[in-house]
Number of protein chains: 2
Amino acid sequence: MGGEHAEVVRLLWGPHPKPARGPRPTLDLDRIARAGIEIADSEGLADVSMQRVAAQLGVTKMALYRYVPGKAELVALMVDAAIGPCPAAKVRRGDWREQLEEWARQLLTVFRQHSWALDATVGPRVMGPGELSWLERAVSALDGTGLSGAERMDAAVLLVGHVRGITQQTRAAGPGGNPEAQLGTILGDLMQEHGERFPALTAALASAAQSDGQDQAWDFGLQRILDGLAALIDRRAR
Amino acid sequence: MGGEHAEVVRLLWGPHPKPARGPRPTLDLDRIARAGIEIADSEGLADVSMQRVAAQLGVTKMALYRYVPGKAELVALMVDAAIGPCPAAKVRRGDWREQLEEWARQLLTVFRQHSWALDATVGPRVMGPGELSWLERAVSALDGTGLSGAERMDAAVLLVGHVRGITQQTRAAGPGGNPEAQLGTILGDLMQEHGERFPALTAALASAAQSDGQDQAWDFGLQRILDGLAALIDRRAR
DNA sequence: AGTATCAGTGTCCACTGGACACAGTTTTTT
DNA sequence: AAAAAACTGTGTCCAGTGGACACTGATACT
């Protein structure tokens, strides 16, 4: 169990011993990951293939297999490099709510910049140092709140889930048009034809038509989660 | 815009006019979707190919293209058939919290039965009648709470995000072992080597080691979200 | 110098999603 | 009844994918 993970762990966490003999490598893991990220950012994850990445680096596809055992590992490297290390907090320590809110906004920004990372992070996987640094900051923001270790981690996971959910329904909406309107348009067309089967939905949609907040769903969910955490923390404090 | 969606909308929502002339079709969309689901359930979405599905149905792969324009549409059909129509609520109407909680648990069950549906539902897509029926029930549970239409939908989306997040970190953990322990083991191994870089995480992990609730993360997040919603609804009521 | 080691190339394979022409079956029209 | 039209499933073909493997060179230790 977990033996198959050993390889990707070594790739993500090192060490990376440089060879003693033989010709010098033309590539390195970092350049490979960055090349893949460049393609994924501009053309989507589906267009990331060994050939494509190799071409980007001016090399044959098989050369990549000298550095990376397979495509799965390549993608794992790309994800961790794209998510990157979590930037340091700017708000004062001690206020967990402000810290978590800033953290969530930063995470959302990163996910929006590399929205292909969503596709590449379905299912449980080995996390790299970048991804773990994000988790670290979220958990540390909750230090001293009276929450147990498991609860602090659960809270972080909950927030990540929201970020992912929002990223999912946001992306592919052109940078100009707001995503809720786009979703509403598609839904509205369907409701016009099958509305009688979904009365509550049509009503909600009609009432939601004039609300035009850019990030309404994001802020709503974020505040609800933070409210829920605050309620628990208060209860514990008493 | 949206013109490319027309085909999948027709597939998901009908109508499906039966041909007037020519030999009778051996297949229908429902059988095709179910064959795909069967494969995905037992072997994962990656093993669902046109050939594989066709073989399951005792037919050539190209025969499928008479019913479905491409693989993407096949998967869309599979998803909506697998998610299925939302079962009717068993708890009394009026208590939104109880209703939403039951709804979320049912949705989690469905996602766990077909965990490949996660992979197939990244990115915004056209929803089918099954998927919409779930949304309908969640929104209708919030009727009369004083929340606006947009807010009711945002709440549903928030809950779906949590269900997805939990499904994601749950799956591939054998039915016996609880997922948190598995995640903890992998994380623990990493912390042992690089723990000094993640002090808060190591502390939280150590404290979380003895907590062994099977669905701890699930219940925690669910209650936090519902608490947050309750707080808002109370505030509005006053 | 000699040799083990390692990098990048070229060739091969099974498989994927999909295009297309074709033969066979059924219904409508003449 | 006969012919035409419409439709289904099949066979064949193609570009592209991830990956295996043998090979030619370049490099550094002995």
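The shown structure was predicted, so the numbers you read here are calculated from the model rather than taken from an experiment. Values below: all heavy atoms of this structure, side chains included; hydrogens, waters and symmetry mates excluded. In what follows, every chain begins at residue 1, and chains take the letters A, B, ... in the order their sequences are listed.
- A:Q216 and B:D154 share a donor-acceptor pair across their side chains, judged by distance under 3.5 Å alone.
- A:I39 places its CD1 atom 15 Å from the C1' atom of D:dG16, with the value rounded to the nearest Å.
- Applying the side-chain hydrogen bond (donor to acceptor under 3.5 Å, both in side chains) criterion to B:Q51, with sequence neighbours excluded, gives no partner residue.
- Residues that satisfy the side-chain contact (heavy atoms from CB on, under 4.5 Å) test with B:A155, not counting sequence neighbours, are A:F220, B:L142, B:L229.
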Taking only N/O atoms, report every protein-nucleotides 20-23 of chain C pair under 3.5 Å with atom names and distance.
none

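- Atom NZ in B:K18 sits about 15 Å away from atom C1' in D:dT8, given to the nearest Å.
- Nearest-nucleotide positions on DNA chain C place A:L27 closer to the 5' end than the other of A:L27 and A:K61.
- Within the 4.5 Å cutoff, no side-chain heavy atoms of B:V163 are placed close to those of B:L159.
- Each side-chain hydrogen bond (donor to acceptor under 3.5 Å, both in side chains) pair with one or both residues in residues 28-40 of chain A, not counting sequence neighbours, appears once here: A:D30-A:R34, A:E38-A:Q56.
- If you take OH of A:Y65 and P of C:dT9, they are 15 Å apart, rounded to a whole angstrom.
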Pairing of DNA chain C as dot-bracket, 5' to 3': ( ) intra-strand, [ ] crossing, | other strand, . unpaired, with Watson-Crick or G-U pairs under 3.5 Å?
||||||||||||||||||||||||||||||
Could you walk me through whether B:R137 and B:Q106 pass the side-chain hydrogen bond (donor to acceptor under 3.5 Å, both in side chains) test, one step at a time?
CA-CA 12 Å; B:R137 210 185 98 187; B:Q106 289 170 333; 3.0 Å; yes
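- B:R105 has no carboxylate O lying under 4.0 Å from a charged side-chain N of B:E102, or vice versa, which leaves the two without a salt bridge.
- Remark: side-chain polar atoms of B:H114 are not paired, donor with acceptor, to backbone N or O of B:I37 under 3.5 angstrom.
- Heavy-atom distances under 4.0 Å link DNA chain D to A:G70, A:K71 of residues 69-82 of chain A, given in residue order.
- Although no hydrogens or angles enter the test, the distance criterion places no donor-acceptor pair under 3.5 Å between the side chain of B:E73 and the main chain of B:L11.
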Go along nucleotides 24-30 of chain D 5' to 3' and tag each nucleotide: B for a protein heavy atom under 4.0 Å from its base, S when only backbone or sugar atoms are that close, - otherwise.
-BBBBS-
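- Residues B:P19 and B:A63 both approach DNA chain D. Their nearest nucleotides, taken by heavy-atom distance, put B:P19 toward the 5′ side.
- Annotation: side chain of B:P129 is in contact with side chain of A:R197 (closest heavy-atom distance under 4.5 Å).
- Partners of B:H16 under the ring pair (Phe, Tyr, Trp, His ring centres under 6.0 Å) rule, at least two apart in sequence or in another chain, do not exist in this structure.
- Annotation: proximity of residues 40-52 of chain A to DNA chain C (heavy atom, distance under 4.0 Å) is found for no residue.
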Distance-only donor-acceptor hits, side chain of residues 58-69 of chain A, under 3.5 Å, sequence neighbours excluded:
residue: A:Y67; atom: OH; partner: A:L27; partner atom: N; Å: 3.2

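- Contacts of B:T121 classified as side-chain hydrogen bond (donor to acceptor under 3.5 Å, both in side chains), with partners at least two apart in sequence or in another chain: B:R164.
- Straight-line distance from the CD1 atom of B:I32 to the P atom of D:dT8: 11 Å, rounded to whole Å.
- Taking A:R52 as the reference, A:E43 meet the side-chain hydrogen bond (donor to acceptor under 3.5 Å, both in side chains) condition, with sequence neighbours excluded.
- Within 6.0 Å of CD in A:Q192 there are 12 or fewer heavy atoms belonging to other residues, nucleotides or ligands.
- If you check D:dT10, D:dT8, C:dG10 against the side chain of B:T60, the one that comes closest is D:dT10.
- Between the OH atom of A:Y67 and the C1' atom of D:dG19 there is a distance of 18 Å, given to the nearest Å.
- The closest donor-acceptor contact from the side chain of B:W134 to the backbone of B:V160 lies at 3.5 Å or more, if one exists at all.
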